[in-house]
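This report concerns only the one structure given below.
Both backbone and side-chain heavy atoms feed into the values below; hydrogens, waters and symmetry mates do not.
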Amino acid sequence: MNDVKYSEEIEKVINRKNTECALYNSLECKVLNQGSCSECAVGRLRREKQEAMKKAIGRLESIAPSSELDKLADSSECLFCKAPEKGKRECYGVFDLAKQDDEGDWVSHMAKKGNALKSGCMILPIQAACCDKCRKRFRLLSYLPQSVMLGIICAGLITITRTEVHKALYNTAAWLPAAAMLAVVAAAFAIRFVMRKAMKHSFGKSTNLDLSQIPGIKSLLDRGFVEVKPKTDGLSSVAFSRERRTTGVGTYSPSREQSGDSGEEPHLMGIWPMENAAEKNDGNALSEHE
């Protein structure tokens with residue numbers, strides 16, 4: 001957007017301030033951090049919804065201050081590395097935390113998956129500084145054991161269904177081909193289990209694979225937040241992004257505001273309360289994880 005030139009009329013629309021919005025020029029507006037009034041869907045909601053949104057953001061800010069979240073993303077060292085050797089920040093670990101909020105009706109829209117989660121929970125997107133080594137360990141743990149298991153099953157299926165192999169097994173006993181296939185599947189699952197366990201043990205010596213092991217995240221979990229996507233065998237679910245998101249809930253940076261840093265091109269991300277899911281088109285809150 002830096003090099004794009006708009007007409008004077010379009011510039012006026014883009015930069016127009018919605019002074020009628022209940023959040024205008026407030027801390028809650030900064031925390032929502034939508035970049036501009038023209039990009040913010042809250043300004044198109046009814047006044048009572050705007051007031052409800054302002055209170056909801058205020059509750060979220062009181063429990064998870066932006067200054068605290070800013071430190072997680074702004075750290076020059078990887079937060080996933082275990083001491084004493086910590087790598088430099090090369091990317092960001094991205095994940096969502098949730099906390100029960102009986103006063104609000106929260107809706108979170110996941111842009112890539114195209115679904116919506118409607119519940120009485122606050123959804124807090126987090127970005128945490130990460131190095132490439134920790135990123136690779138998370139990805140290997142997520143995909144390699146599963147890929148090996150599927151590869152073994154496919155290889156077994158191809159082998160057993162070959163005419164000469166199948167005939168030899170069948171001539172021995174009619175049930176033997178099916179039993180052989182079941183044995184291959186069982187072996188594949190066992191290899192996946194052993195492989196994953198060994199990798200977790202090895203990688204866990206250098207990387208915090210459980211978010212509760214990271215001090216800044218543990219502090220949020222101790223206040224009642226939980227991981228939106230449950231752990232799998234003690235491994236937290238984390239996506240990764242090379243770029244730091246600069247707009248949306250969880251991205252307001254008081255330190256950057258004081259330094260005058262305008263940040264990067266905006267990407268919508270966040271949450272808002274609504275009366276019912278049918279009104280979600282009044283404003284989409286996007287949370288895009290790469």
Side-chain angles (χ1 to χ4, degrees), residues 78 80-82 85 87 90-98 108-119 121 123 126 128 130-214 217-218 221 226-242 287-290:
C78 174
F80 293 87
C81 283
K82 289 186 175 179
E85 296 182 6
E90 296 170 294
C91 60
Y92 300 91
V94 184
F95 52 92
D96 291 332
L97 300 181
S108 173
H109 297 273
M110 306 302 181
K112 278 191 172 181
K113 297 181 180 179
N115 59 11
L117 172 66
K118 187 177 187 295
S119 68
C121 291
I123 306 296
I126 299 290
C130 184
C131 67
D132 278 341
K133 287 184 179 179
C134 288
R135 171 177 167 270
K136 289 177 181 177
R137 287 169 187 146
F138 264 95
R139 290 195 164 180
L140 283 172
L141 261 171
S142 296
Y143 299 115
L144 187 57
Q146 189 78 2
S147 298
V148 170
M149 180 190 73
L150 294 175
I152 292 172
I153 292 174
C154 289
L157 180 62
I158 291 171
T159 301
I160 293 171
T161 54
R162 291 183 64 180
T163 304
E164 58 272 23
V165 175
H166 184 271
K167 280 185 176 181
L169 293 172
Y170 187 83
N171 290 335
T172 303
W175 51 265
L176 197 54
M181 193 64 233
L182 288 175
V184 169
V185 172
F189 272 93
I191 291 172
R192 173 189 176 276
F193 175 80
V194 173
M195 186 177 181
R196 185 180 174 86
K197 187 174 181 179
M199 291 174 67
K200 277 180 60 181
H201 178 72
S202 177
F203 293 168
K205 294 178 181 179
S206 304
T207 299
N208 291 313
L209 302 175
D210 187 334
L211 293 176
S212 63
Q213 296 174 333
I214 302 174
I217 305 303
K218 185 179 185 302
L221 297 176
V226 296
E227 297 173 45
V228 169
K229 190 170 183 180
K231 297 182 182 68
T232 304
D233 299 329
L235 176 67
S236 293
S237 178
V238 183
F240 294 90
S241 173
R242 288 291 181 186
S287 176
E288 187 172 347
H289 293 177
E290 294 182 14

*asked:* I'd like to know whether R196 forms a side-chain contact (heavy atoms from CB on, under 4.5 Å) with L235, so could you lay out the CA-CA distance, the side-chain angles of the two residues, the decisive distance to 0.1 Å, and finally the verdict.
replied: CA-CA 10 Å; R196 185 180 174 86; L235 176 67; 3.4 Å; yes
*Are the side chain of K82 and the backbone N or O of G204 linked by a donor-acceptor pair below 3.5 Å?*
yes
_side-chain contact (heavy atoms from CB on, under 4.5 Å) between R139 and K136, worked out_ = CA-CA 5 Å; R139 290 195 164 180; K136 289 177 181 177; 5.8 Å; no
_For the OG atom of S206 and the CZ atom of R137, what is their distance to the nearest 0.5 Å?_
4.5 Å
*asked:* If I compare all heavy atoms of E227 with all of L221, which pair ends up nearest, and what's the gap?
replied: N-CD2, 4.4 Å
*Partners meeting side chain to side chain donor-acceptor pair (under 3.5 Å) with T161 (sequence neighbours left out)*: none
*Which residue pairs pass the ring-ring contact (aromatic ring centres under 6.0 Å, His included) test when at least one of the two sits in residues 147-206, sequence neighbours left out?*
none
*Gap between atom CE of M195 and atom CG of L140 - 0.5 Å precision*: 8.5 Å
*V94 and V238: side-chain contact (heavy atoms from CB on, under 4.5 Å), yes or no, with the steps?*
CA-CA 6 Å; V94 184; V238 183; 5.8 Å; no
*Look up atom CD1 in I160 and atom CG in L182, then write down how far apart they are to the nearest 0.5 Å.*
9.0 Å
*Could you walk me through whether V184 and I152 pass the side-chain contact (heavy atoms from CB on, under 4.5 Å) test, one step at a time?*
CA-CA 7 Å; V184 169; I152 292 172; 4.2 Å; yes
*What heavy-atom pair brings C134 and C130 nearest, and what distance separates the two atoms?*
CB-SG, 3.7 Å
*Output the distance between atom CZ (R192) and atom CG (L150), rounded to the nearest 0.5 Å.*
9.0 Å
*Find the distance between CG (L169) and CD (E164) and round it off to the nearest 0.5 Å.*
10.5 Å
*Listed by chain and number, what are the ring pair (Phe, Tyr, Trp, His ring centres under 6.0 Å) partners of F138, not counting sequence neighbours?*
F80, F240
*Contact summary for M199 and P145, nearest pair of heavy atoms*: SD-CG, 3.9 Å
*Is any side-chain heavy atom of I126 closer than 4.5 Å to a side-chain heavy atom of L97?*
yes
*Using modelled atom types only, decide if a donor and an acceptor are shared between the side chain of D210 and the backbone of S212 within a distance under 3.5 Å.*
yes
*Under the 3.5 angstrom rule, does the side chain of R242 hit a backbone N or O of E90 as a donor-acceptor pair?*
yes
*With no hydrogens and no angle check, is any side-chain donor or acceptor of S236 less than 3.5 Å from a backbone partner on L211?*
yes
*Count the heavy atoms of every other residue, nucleotide or ligand shown that sit under 6.0 Å from NZ of K197, and state whether that count exceeds 12.*
no
*Roughly how far apart are R135 CZ and C91 SG, rounded to 0.5 Å?*
5.5 Å
